[in-house]
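A short write-up of the structure that comes next.
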Amino acid sequence: MDATKQEPGAAPTTPTESIPASNFIRDIILDDLRTDKCQGRVHTRFPPEPNGYLHIGHAKSIHINFGLAAEFGGKCNLRFDDTNPCKEETEYVESIIEDVRWLGGDWGDRLFYASDYFDQLYEWAVQLIRSGDAYVCDLSAEQVRQQRGTLTRPGEEGPDRNRSVEENLDLFERMRAGEFPDGSRTLRARIDMASPNVNMRDPVLYRILHAEHHRTGNKWCIYPMYDFAHGQCDSIERITHSICTLEFEDHRPLYDWFIEKLGIYHPQQIEFDRLNLTYTLLSKRKLLTLVQKGYVGGWDDPRMPTISGIRRRGYSPEAIRAFCRNMSVSKTNGTTELSALEYYVRNDLNKSVPRVMAVLRPLRVVVDNYPEGWMEELDAVNNPEDESMGTRRVPFSRVLYIEQDDFRENPPKQYYRLTVGREVRLRYGFFIKCVGVVKDERTGEIVELRCTYDPESRGGNSPDGRKVKSTIHWVSAQHAIDAEVRLYDKLFLKENPNETEEGQDFTANLNPKSLEVLTGAKLEPSLHDTVPGNRYQFERLGYFCVDRESSPGHLVFNRTVELRDTWAKIEKKL
RNA sequence: UGGGAGGUCGUUCAACGGUAGGACAGCAGACUCUGGAUCUGCUUAUCGGGGUUCGAAUCCCUGCCUCCCAGCCA
């Protein structure tokens, strides 16, 4: 599916991505440029691990890395940090490539993998052994943990720490040759077991893993740890600014130690705060759980905060970029309100997407004084925000559908939609007045409204200047097309989904009503040939997009986000 | 109780020794053929305590609070 494809009638989105927001990373780069620290170069990278799908939090990182490079005429690489063959898959590589591209990331021909550098990394490990800065350790994982000490107690030096260079070289070579089982030995850096920074207590550099790697196959049975790979990969790629999240702050001394011991190019690491959103989980592990346990339909379920999920939900890349740009970046650990994200989608879609009339929960209306068998076409504006999007014709006839919610038999005072005896406007149509209600004799349920229309009000205004209290949307029953509409709500009921009672996990906070499927929606006929990915505003309801499961015989729409609903607010207070 | 990083409106980001400002949210109003959009106005903040200074959110000291780190994960 190509989510960006729009039918000819739908205008392309026009991003107004103006002034880049100032932030501390940008300031650092500006400063480095001014002092000529990097010979005028700005070279960043986006380094995902292909062990899951990208989410909105990654969009922030993508925006920072690709955005800064673009702004300063630099480059940004896409590099997969694929140092753990047990968790990584090509499915994830492919989805990540698609998502970064969709968000506008341009890596040119610089698509790299940490695994591209395995030979070099191995050589560097040997170099550290030779200089006495690394050793093969025979301790088990459990023993290493014991010996590492705690946050408040220093670690102890292990028995293999002072092995000869020759023995280390021999052992490491045999590790590589596959002579030892998984977990039996590791290569460790020889730094300081008493360091207050736990990361410096002789961290593991290589572990034995007889596992097939998605790219290198069975070439290796030892794999570098992320910490031994990441900084050097950045160095190899001559990255000027290695931008990463806060939790790597106290790994920086380790990376610097490697760079210095190896005597190689030194990128500058800068840490920023990762994105947190209310009512949203942004942890790959937990998102995986939602997928694997079937709480959602998959990684691209429109309720998921994944890039593929929100794309399918109908978000535009422009909206996501605007969100990232305006939320800026800092080192403060906080949680952004979901409403901020929603604001930027509405803001973008309002200007870029055509309007259309759709009735989600139809209520039949018969216009008594409209001649039977008649039909006429009325002009409707495609987007009042953008005249260039033109107009279309919508058919009107004697039997219509309106929204059930747009009629009340016993309305509250502030309700000014249709009610018996009241006149309202049908958008781009006529004034109609409700003159009667038809109910199901058994259930008492309202099944039909009898109305009259004012032929003089064609197009939506009465020549006598008469005013109506409201305008409602409608479709002609005879011309309407059926559709399935999926209404999405927050996936979690709590602002912080991780806040649970004793003994429960985040799944206890799942919103049982996060998805409501409406099968009887009625759409205006102009939607007949729409295709997956197209976005619309259903007038007065919200933004919707055609789902990838939609077909010409069975249209399926996803609700991206509701319109701001002042009435809902009023009603809540009643 | 080791180390690292942070604390500015409800939320988020500015202010870089000189009038604490924007955005989101909220409230009130105007306008409107979407109770949409748009426009106006309003409310609300420098973690506490000491200093330095003509002047401190900003510099110093001190206390408090929050987050991250003890994977052969990244």
Side-chain angles (χ1 to χ4, degrees), chain A residues 21-23 27 47-49 51 81-84 86-88 137 139-142 144-145 148-155 182-188 194-201 203-209 222-223 225-227 229-230 244-253 271 273 278 284-285 323 326-344 346-347 350-351 355 357 380-381 384-385 414-417 424-429 431 459-461 468-473 537-542 562-571:
Chain A
S22 163
N23 67 63
D27 290 345
E49 183 193 14
N51 69 339
D81 272 335
D82 54 352
T83 54
N84 185 353
C86 305
K87 290 186 176 176
E88 295 149 8
C137 173
L139 259 28
S140 69
E142 176 58 29
V144 170
R145 194 178 314 130
R148 185 161 25 227
T150 68
L151 295 179
T152 51
R153 185 167 17 89
D182 288 2
S184 59
R185 285 176 223 265
T186 54
L187 181 73
R188 295 228 258 158
S195 172
N197 181 346
V198 188
N199 295 118
M200 301 298 272
R201 321 240 260 229
V204 171
L205 269 32
Y206 268 88
R207 75 284 218 191
I208 302 172
L209 244 33
I222 56 171
Y223 291 93
M225 295 291 291
Y226 171 86
D227 276 351
H230 191 84
C244 64
T245 42
L246 254 26
E247 68 269 29
F248 294 105
E249 215 146 20
D250 47 20
H251 293 235
R252 178 153 34 92
E271 305 86 4
D273 62 322
T278 56
K284 277 194 200 172
R285 205 198 92 238
F323 169 75
N326 290 291
M327 288 298 111
S328 196
V329 35
S330 70
K331 287 174 88 91
T332 319
N333 225 308
T335 303
T336 299
E337 288 175 350
L338 189 59
S339 59
L341 212 209
E342 292 180 335
Y343 166 82
Y344 287 102
R346 289 194 191 100
N347 193 44
N350 176 46
K351 286 172 285 194
R355 263 118 250 234
M357 289 199 283
V381 173
E385 308 291 318
Q414 295 95 322
Y415 185 88
Y416 40 84
R417 275 113 94 157
V424 300
R425 172 167 39 231
L426 294 177
R427 174 137 243 228
Y428 301 124
F431 286 4
N461 285 300
V468 288
K469 291 190 93 169
S470 75
T471 300
I472 64 174
H473 60 278
Q537 183 196 106
F538 287 180
E539 294 234 16
R540 302 208 305 131
L541 298 174
E562 288 175 280
L563 249 29
R564 276 185 62 222
D565 189 351
T566 310
W567 164 246
K569 242 180 245 173
I570 296 168
E571 195 177 29

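Every chain is numbered from 1 and lettered A, B, ... according to where its sequence line falls, protein lines coming before strand lines.
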Once you round it to whole Å, what is the distance between [atom2] of [N] and [atom1] of [X]?
X: Leu426(A); N: rU34(B); atom1: CG; atom2: C1'; result: 13 Å
X: Leu541(A); N: rG35(B); atom1: CG; atom2: C1'; result: 12 Å
X: Arg564(A); N: rG35(B); atom1: CZ; atom2: C1'; result: 10 Å
X: Asn23(A); N: rC13(B); atom1: CG; atom2: C1'; result: 10 Å
X: Met327(A); N: rA14(B); atom1: CE; atom2: P; result: 11 Å
X: Ile570(A); N: rG35(B); atom1: CD1; atom2: P; result: 11 Å
X: Lys331(A); N: rU66(B); atom1: NZ; atom2: C1'; result: 16 Å
X: Arg252(A); N: rG4(B); atom1: CZ; atom2: C1'; result: 9 Å

With sugar-phosphate meaning primed atoms plus P, OP1 and OP2, does [X] contact a base, only sugar-phosphate, or nothing at under 4.0 Å between heavy atoms?
X: Glu249(A); answer: sugar-phosphate
X: Val329(A); answer: sugar-phosphate
X: Tyr415(A); answer: base
X: Glu271(A); answer: nothing
X: Tyr428(A); answer: base
X: Thr566(A); answer: sugar-phosphate

* Hey, is the side chain of Glu539(A) pairing donor to acceptor with the base of rG36(B) inside 3.5 Å? ->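 Under the 3.5 Å cut-off, the side chain and the base do not form any donor-acceptor pair.
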* Asked: Do the side chain of Gln537(A) and the base of rU34(B) come within less than 3.5 angstrom through a donor-acceptor pair of N or O atoms?
  -> yes
* **Spacing of Thr566(A) atom OG1 and Gln414(A) atom CD [to the nearest 0.5 Å]** =>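 Answer for the OG1-CD pair, Thr566(A) versus Gln414(A), is 13.0 Å.
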[M] and [N], which share atom name [atom1], separated by this distance in whole Å:
N: rC42(B); M: rG22(B); atom1: P; result: 10 Å
N: rC64(B); M: rG29(B); atom1: C1'; result: 43 Å
N: rU66(B); M: rA74(B); atom1: C1'; result: 24 Å

For [N], the Watson-Crick or wobble counterpart (both distances under 3.5 Å):
N: rC64(B); value: rG7(B)
N: rA56(B); value: none
N: rG41(B); value: rC27(B)
N: rU34(B); value: none
N: rA20(B); value: none

Establish, with yes or no, whether the OP1 or OP2 oxygen of [N] is under 4.0 angstrom from a side-chain nitrogen or oxygen of [X].
X: Thr335(A); N: rU12(B); value: no
X: Thr336(A); N: rU12(B); value: no
X: Arg540(A); N: rG35(B); value: yes

* Asked: Using the glycosidic torsion, which applies to rG10(B): syn (within 90° of 0) or anti (everything else)?
  ->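 Chi for rG10(B) falls in the anti range.
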For the residue pair [X] and [Y], what are the closest heavy atoms and their distance?
X: Asp250(A); Y: Asn197(A); result: O-ND2, 2.9 Å
X: Asn84(A); Y: Glu49(A); result: CB-OE2, 4.1 Å
X: Met327(A); Y: Ala340(A); result: CE-CB, 4.1 Å

Using atom types as modelled and distance alone, determine if a side-chain donor or acceptor of [X] lies under 3.5 Å from a backbone N or O of [Y].
X: Arg201(A); Y: Ser195(A); answer: yes
X: Thr245(A); Y: Glu247(A); answer: no
X: Asp273(A); Y: Ser330(A); answer: yes

* **Closest-nucleotide 5' rank along RNA chain B - winner of Asn347(A) and Gly334(A)** =>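 This one resolves to Gly334(A).
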* Asked: Between rA14(B), rU1(B), rG35(B), which nucleotide gets closest to the side-chain atoms of Thr152(A)?
  ->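 For Thr152(A), the side-chain atoms sit closest to rU1(B).
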* To do: Would you kindly say whether Glu142(A) and Ser140(A) are connected by a side-chain donor-acceptor distance under 3.5 Å?
  => no
* **Under 4.0 Å protein heavy-atom contact, by nucleotide of nucleotides 67-74 of chain B - B base, S sugar-phosphate only** => SBBBSBSB
* To do: Indicate the ring-plane relationship of Tyr415(A) and Trp567(A), choosing parallel, tilted or perpendicular according to the 30° and 60° boundaries.
  => perpendicular
